[in-house]
Peer 1: 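My structure is below; once you've seen it, I'll send some questions.
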Amino acid sequence: MPCEPIYFKRDAKRFFCKDEFIRYFEKKVMKTINKWRMLRRNNKIAVAVSGGKDSMTLLHVLYKIEQKFPSQLVIVHLDEGIAGYSDIAGELVKKIAEELNIPLYSASYKELFDFTIDDIGHMYKKKKMLAPCTFCGVWRRWGLNYLALKAEADRLATAHCLDDEAQTILMNVLRGAFKNLLKLQLYPKKAPNIVPRIKPFREIPEKEVVLYATLMDIPYVDIPCPYARFGQRWDIRTWLYEQEMQYPGTLYNILSFHRQLLESFKNIEMQEEVKKCKICGYPSSSDICKAHQLKQYLLESKED
Ligand code: SF4
């Protein structure tokens, strides 16, 4: 049967039919994992699954790839406490964990930090304070590491794709956060109390993740977070999308720029002292880590 083209990859200037695209996508993930030495054969991998398209696709692809290796998968999931969003996502993650028979480790922001994102959303609307995404992003990082440590995982896999990576690099540039740019490491890095992170989708555009999910009938929660538009990331995302449409390859060029930057600075020691957070004991650049600083900020804002 002739191959029916379903996707034109603009930067490669070629068409793909369904089977070709599926093969291309899975091979690309494997190549990315090997290129950045993300995994070893018998690693225990904690896959961060929110229930959205990217993470459900990551779980699906890693489940397929890892059948060939003696590795082990566990799912780590955080409940942000966003009504009509987190509850639906949580149910789907539970269901997929049962179906695939993968151990599930979950926790909520309420259990870990005493606040839900909805609590913060209410406070944000009442008074001028940091936007919900600021808390959510920092707590997610902390919470996923906490769960991966609990699961005794060797790696923490997140579904950040090319678009996410380019947005993060640009956000750090716009904020003048040079040190943060250097901290966005390419290879999994070991440190006490930190499970090395890997991003197998870091070189794959979001639209290809969506296409793969659609072609493979992967279930996911397709409800936008009600707070998504409050953060700076939303504006950068929209702008970058337009740039990529007009100048294909822009996203990949940003990633490549960042890689060259890291290579130029690889022999320079970061002068930052690594301390232990007085509350959780995790590595921190100050006496209290960012996640717990934000909790204290909320407790103080509540009293104002
Ligand atoms: Fe959290 Fe913001 Fe993402 Fe919503 S959009 S899930 S608040 S980071």
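Just so you know, ligand 1 is whichever comes first in the structure, and atom 1 is the first atom listed for that ligand.
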Peer 1: Would you say the side-chain atoms of S256 and Q260 include a donor-acceptor pair closer than 3.5 Å?
Peer 2: yes
Peer 1: Establish, yes or no, whether the cationic atom of R14 lies under 6.0 Å from the six-membered ring centre of F16 and within 45° of the ring axis.
Peer 2: yes
Peer 1: Whether the T238 and D235 side chains hold a donor-acceptor pair (N or O, under 3.5 Å, no angle test) is what I'd like checked.
Peer 2: no
Peer 1: Under 4.0 Å from a heavy atom of R140: give me the atoms of ligand 1 that qualify, with their elements.
Peer 2: 1 (Fe), 3 (Fe), 6 (S), 8 (S)
Peer 1: Please report whether the ring centroid of F25 lies less than 6.0 Å from that of F201.
Peer 2: yes
Peer 1: Tally every protein N/O/S atom whose distance to atom 4 (Fe) of ligand 1 is less than 2.8 Å; waters are neither shown nor counted.
Peer 2: 1
Peer 1: Between F178 and F265, is the ring centroid distance below 6.0 Å?
Peer 2: yes
Peer 1: In terms of heavy-atom contacts, does OH of Y247 have more than 12 from other residues, nucleotides or ligands at under 6.0 Å?
Peer 2: no
